[in-house]
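Just so it is clear: chains get the letters A, B, ... in the order the sequence lines come, proteins before strands, and each one is counted from 1. Note that the structure is a prediction, hence the values are computed from the model and not measured.
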Protein chains: 2
Amino acid sequence: MAEKQRRKPGETREKLMSAALTLVGKGRHFASLGIREVTRQAGVVPTSFYRHFRNMDDLGLQLVDELGLVLRRMMREARANVLQADKLIEESVAIFISHAQANRSFFLFMAQGLAGESRAVQEGIRSEMRFFASELANDLRRLRLVDHLTDQDLDMTCDLVVRSVAFSLTDLLGVSADDDYQIDQIRKRTTRFLQLIFVGAAHWQSAG
Amino acid sequence: MAEKQRRKPGETREKLMSAALTLVGKGRHFASLGIREVTRQAGVVPTSFYRHFRNMDDLGLQLVDELGLVLRRMMREARANVLQADKLIEESVAIFISHAQANRSFFLFMAQGLAGESRAVQEGIRSEMRFFASELANDLRRLRLVDHLTDQDLDMTCDLVVRSVAFSLTDLLGVSADDDYQIDQIRKRTTRFLQLIFVGAAHWQSAG
DNA sequence: TGTCCGTGTGTACAAGTGTTCACTAATGTG
DNA sequence: CACATTAGTGAACACTTGTACACACGGACA
């Protein structure tokens, strides 16, 4: 019989979550993962799963929570590194892309979850995106870059920005993780998208 | 023994495809569907599946083909009904929303497939979107609404438009099919997104 | 020191899975 | 009409699946 391994608390839980992410990173869709498959990947007996999660949806929800942390780290880095306003878009997108590469599976999971099977996960990710958009709106206000926009129009703009960036995840998803050329193309395109949106915002008049 | 039912050619094939769509419409994710499940929903014996498809990915690919037809019908209707340029965006979005409601499962499948498990389905849907974007670019050129944009910038604009509209599918996905108020909100928001993008395009200068 | 309790393990089971096979009825083709 | 082809059927296969149960170990705390 295999020895019972005593691990530090929460280790198996983490193993299971990162096992699910690993499978997602290998191209599987989260909705198609099973409990046994995940435990197998984690090197843990199936019954252990229930010590930490009620079912796969539950695991998905906890992954969304961790995704929130990843996104917040990314925001912090962007705030720290994006100093000159004229390169704001370019640098923000670059930071996004580099985080997306460093946490590929996480962002794949995010892209999948937007149209996923679990309503709760879906709502969780949408909620993260709303939060992200509202933080972006705050930052832009603070930098006094959008003084001519009403709050509502600013919110709309940021919403569109976040969506466009999120959509680029599905581009990233299609290219292999080390195809630097393609990834750079995606970065450039996403940058142009945002520039176009901000040109629109600069000339937007609320009544329109 | 149940009678062997002779049906008109291709009927079982259609039954299987629409069975898969039905399940998607009920909130399931395509990637999590199994052959037996689909055949059960179609009221057909599991073995029949192999008469028409090699596996679920194959079925997915054929669904993408049909999705192409749906999209082309939609384009045709938009071209026929959108006459006055000043309401172009508003009416196009309205037509999109109404088609998305009329073919809910199809568009859910599309939203799922963008980050789906099958690389081939993914690429198929992206290809449909590219086609859609290039047709849109042609139309805009023909209407002489974007004379100041280079081809490349016009392509980018249309790409962004198509993405924004596609993303709104994930909004639609979250509200029940008969929640007219919410659907109208989505329609309005999507319309504003496109207006913002076109304001951006109007003031875009290629060198930027 | 003794006793919970959280977390790991192995076994078990019924139900569901993809796929193969041999069989058969209807259809199209000569 | 004879006949090959297509498209339906049921039975069977080896496996996988989710989940329940009883048990074992180690740390926290009395």
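- Atom CD of B:E11 and atom P of C:dT27 are 13 Å apart (whole Å).
- When rounded to the nearest whole Å, the span between CD of A:E14 and P of C:dG8 equals 12 Å.
- The separation between A:F53 atom CZ and C:dG6 atom P is 17 Å, rounded to whole Å.
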Under-3.5 Å N/O pairs linking protein and nucleotides 18-20 of chain D:
from   : atom 1 : to    : atom 2 : distance (Å)
D:dG18 : OP1    : A:I35 : N      : 2.8
D:dG18 : OP2    : A:I35 : N      : 3.2
D:dG18 : OP2    : A:R36 : N      : 2.8
D:dG18 : N7     : A:R36 : NH1    : 2.4
D:dG18 : O6     : A:R36 : NH1    : 2.8
D:dT19 : OP2    : A:Y50 : OH     : 2.9
D:dT19 : O5'    : A:Y50 : OH     : 3.3
D:dT19 : O4     : A:R36 : NH1    : 3.2

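- No donor-acceptor distance shorter than 3.5 angstrom exists from the side chain of B:D153 to the backbone of B:L149, with no hydrogens or angles considered.
- In terms of modelled atom types and a separation under 3.5 Å, the side chain of A:R141 and the main chain of A:V146 share a donor-acceptor contact.
- At a non-hydrogen distance threshold of 4.0 Å, nothing from residues 57-66 of chain A comes into contact with DNA chain C.
- Below 30°, between 30° and 60°, or above 60°: for B:F167 and A:F167 the angle between ring planes is between 30° and 60°, a tilted geometry.
- For B:R40, whose side chain is taken as the heavy atoms from C-beta onward, the closest listed nucleotide among C:dG16, D:dT9, C:dG8 is C:dG16.
- Note that CG of B:N55 and OG of B:S118 are 8.5 Å apart. Values are rounded to the nearest 0.5 Å.
- Annotation: cation-pi pair A:R126/A:F131 absent, no NZ/CZ under 6.0 Å from the ring centroid and within 45° of its normal.
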Before you tell me yes or no, could you show the steps for B:D171 and A:R163 under salt bridge (Lys or Arg N to Asp or Glu O under 4.0 Å), namely the whole-Å CA-CA distance, both residues' side-chain angles and the distance that decides it to 0.1 Å? CA-CA 11 Å; B:D171 300 327; A:R163 282 160 180 257; 2.7 Å; yes
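- Comparing C:dG16, C:dC23, C:dG8 against the side chain of A:H52 picks out C:dG8 as the nearest.
- The side chain of B:S48 places an N or O atom within less than 4.0 Å of a non-bridging phosphate oxygen (OP1 or OP2) of D:dT9.
- A side-chain donor-acceptor contact under 3.5 Å links A:E117 and B:S32.
- Classification of the B:H29-A:H29 ring pair by plane angle, with boundaries at 30° and 60°, yields tilted.
- Look at CZ on B:F49: it is 19 Å from C1' on D:dG10, rounded to the nearest Å.
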